[in-house]
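Scroll down for the structure; my scribbles are underneath it.
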Amino acid sequence: MVAAVVARGEFEVRRFESIDSTNRYLLDEARAGAPEGVVAVADHQTAGRGRLGRVWEAPPGSALLCSVLLRPALPVERLHLAVAVVALAARDALGGRPTLKWPNDLLLGDRKLAGVLAEADLPAVVVGIGINLTWAPPGAACVGDDADREVVLDALLSSLASLYGQWPVVAERYAAECSTVGQRVRVELGDETFEGMATAVTPEGHLVVDGRTVTAGDVVHLRPA
Ligand code: BT5
């Protein structure tokens, strides 16, 4: 059940005390014809999800857990820009403190602060983000005890509204601000793992490692040998 609906600029924010997954909810809404700009925010998720069937954990009230329904009119090969625009908006909302790790993380130092998950049922794309505010699992980071979820949400939506649809700007900013570029990385694909130097992010938002373009996969930043 939706707890409250508030219009915030171009977004309609639907709030939940508890839900299985804000991404799941918006994908269902998208299939039922909901328009672009619906946002779901939850205090708690009982089945918060990451990529590839992984679990996203956050105790009630400890995180910003939200998803936004987009209909971005991007060709499939540029869909990563939908992840990039939300990651950039989150970075802006946090005063530029976190760095962007390809493909979908925000880091503080070398610890994960937030993760972005895009799920498409084209032409709809639901992009969710979990930002650790006052709690983080072992080895991860959180913003800190004074983090105010409403302030972060407002700032995120306002940055998103100004960047959304400006795809060349999004691509350029993401490439310039992605901290994976310039690092030695291990790339983990479904059936193959390799190491190399990440040298660029393409205008589609893909990572170039030793001249090879990686469109999806997990990346580990390696320390200099
Ligand atoms: C992600 O997946 O990082 C995407 C996470 C997206 C979560 C949001 S919350 C709102 C919306 N609704 C949802 O159901 N999901 C989205 P991935 O790159 O696959 O990373 C998942 C991995 O991160 C897990 O396997 C854990 O190792 C780790 N992890 C889980 N919870 C974490 C947390 N709170 N902080 C840092 N790492 C976490």
Side-chain angles (χ1 to χ4, degrees), residues 2 11 13-30 34 38-70 79-80 82-91 93-94 97-121 124-144 147 149 152-153 156-157 160 178-180 185-190 205 207 214-221:
V2 179
F11 299 100
V13 180
R14 301 183 186 174
R15 294 175 177 281
F16 299 85
E17 206 174 294
S18 182
I19 196 169
D20 52 349
S21 155
T22 54
N23 262 44
R24 192 283 307 153
Y25 169 76
L26 282 188
L27 277 170
D28 283 353
E29 289 296 292
V38 179
V39 173
V41 181
D43 289 340
H44 185 231
Q45 295 184 123
T46 54
R49 57 202 197 197
R51 292 175 304 142
L52 306 168
R54 295 190 282 233
V55 172
W56 188 258
E57 286 181 83
S62 70
L64 175 62
L65 305 169
C66 73
S67 302
V68 53
L69 168 48
L70 304 175
L79 273 184
H80 187 66
V83 171
V85 74
V86 170
L88 284 165
R91 179 165 199 249
L94 297 168
R97 252 175 94 206
T99 60
L100 304 176
K101 173 173 176 272
W102 194 90
N104 70 318
D105 292 345
L106 280 83
L107 306 182
L108 276 184
D110 57 2
R111 291 169 179 240
K112 182 156 169 168
L113 173 74
V116 180
L117 173 68
E119 294 178 285
D121 190 341
V125 181
V126 172
V127 187
I129 183 164
I131 304 177
N132 299 326
L133 296 178
T134 57
W135 174 92
C142 61
V143 174
R149 190 171 48 170
V152 176
L153 175 64
L156 191 155
L157 293 181
L160 182 58
C178 178
S179 67
T180 304
V185 295
R186 183 166 67 243
V187 179
E188 298 171 346
L189 308 173
L207 187 67
V214 182
T215 59
D218 281 314
V219 161
V220 178
H221 290 178

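Order of listing sets the numbers, starting from 1, for every ligand and every atom in it.
- What sits closest to atom 38 (C) of ligand 1 on the protein, heavy atoms only, is W56 CZ3, 3.4 Å.
- Using 4.0 Å as the threshold, C66 has a heavy atom nearer than that to some atom of ligand 1.
- Interface of V116 with ligand 1, defined as ligand atoms under 4.0 Å from a residue heavy atom, comprises 4 (C).
- Of all the atoms in ligand 1, the ones that sit under 4.0 Å from a non-hydrogen atom of S67 are 11 (C), 12 (N).
- Interatomic distance, W56 CH2 to L117 CG, rounded to the nearest 0.5 Å: 10.0 Å.
- Using a 4.5 Å heavy-atom threshold, the side chains of R51 and N104 count as touching.
- Near G48, the atoms of ligand 1 lying under 4.0 angstrom from a non-hydrogen atom of the residue are 14 (O).
- Counting the atoms of ligand 1 from 1 in the order shown, those under 4.0 Å from a heavy atom of N104 are 1 (C), 2 (O), 3 (O), 4 (C), 18 (O).
- Side-chain atoms of N132 and P137, non-hydrogen and from C-beta on, do get closer than 4.5 Å to each other.
- Residue-ligand proximity, G130 to ligand 1, at heavy-atom distances under 4.0 Å covers atoms 7 (C), 8 (C), 9 (S).
- Counting heavy atoms under 4.0 Å from ligand 1, residue D218 does not touch it at all.
- Close approach of ligand 1 to T22 is summarised as follows: ligand atoms under 4.0 Å from at least one heavy atom of the residue are 10 (C), 11 (C), 12 (N).
- Contacts of R51 with ligand 1, taken as heavy-atom pairs under 4.0 Å, involve both backbone and side chain.
- Looking only at protein heavy atoms, the nearest one to atom 15 (N) of ligand 1 is R49 O, 2.8 Å.
- Between V143 and R97 the shortest side-chain heavy-atom distance falls below 4.5 Å.
- The nearest protein atom to atom 35 (N) of ligand 1, hydrogens excluded, is given as N132 ND2, 2.9 Å; this is a heavy-atom distance.
- In terms of protein heavy atoms, atom 12 (N) of ligand 1 is closest to Q45 OE1, 2.9 Å.
- To the nearest 0.5 Å, atom CZ of residue R91 and atom CD1 of residue I131 are 13.0 Å apart.
- At a distance under 4.0 Å, a protein heavy atom can be found next to atom 18 (O) of ligand 1.
- Regarding atom 31 (N) of ligand 1, its nearest protein heavy-atom neighbour is E57 N, 3.1 Å.
- At a heavy-atom cutoff of 4.0 Å, ligand 1 is contacted by the side chain of P137 but not by its backbone.
- Note that NZ of K112 and CG of L106 are 9.5 Å apart. Values are rounded to the nearest 0.5 Å.
- Taking the six-membered ring where the residue is Trp, F16 and Y25 present perpendicular rings, their angle passing 60° and hence far from 30°.
- At the shortest separation from atom 30 (C) of ligand 1 among protein heavy atoms lies V55 O, 3.3 Å.
- Checking side-chain atoms of S62 against main-chain N and O of W135 turns up no donor-acceptor pair under 3.5 Å.
- For the pair W135 and ligand 1, the shortest N or O to N or O distance does not fall below 3.5 Å.
- At distances below 3.5 Å, not a single donor-acceptor pair connects side-chain atoms of S21 with backbone N or O atoms of G48.
- Ranking protein heavy atoms by distance to atom 20 (O) of ligand 1, first place goes to K112 NZ, 3.1 Å.
- Q45 CD to L65 CG: the interatomic distance, rounded to the nearest 0.5 Å, is 4.5 Å.
- V214 places a side-chain heavy atom less than 4.5 Å from the side chain of W102.
- If you take OG1 on T22 and CZ on R49, they are separated by 9.0 Å, rounding to the nearest 0.5 Å.
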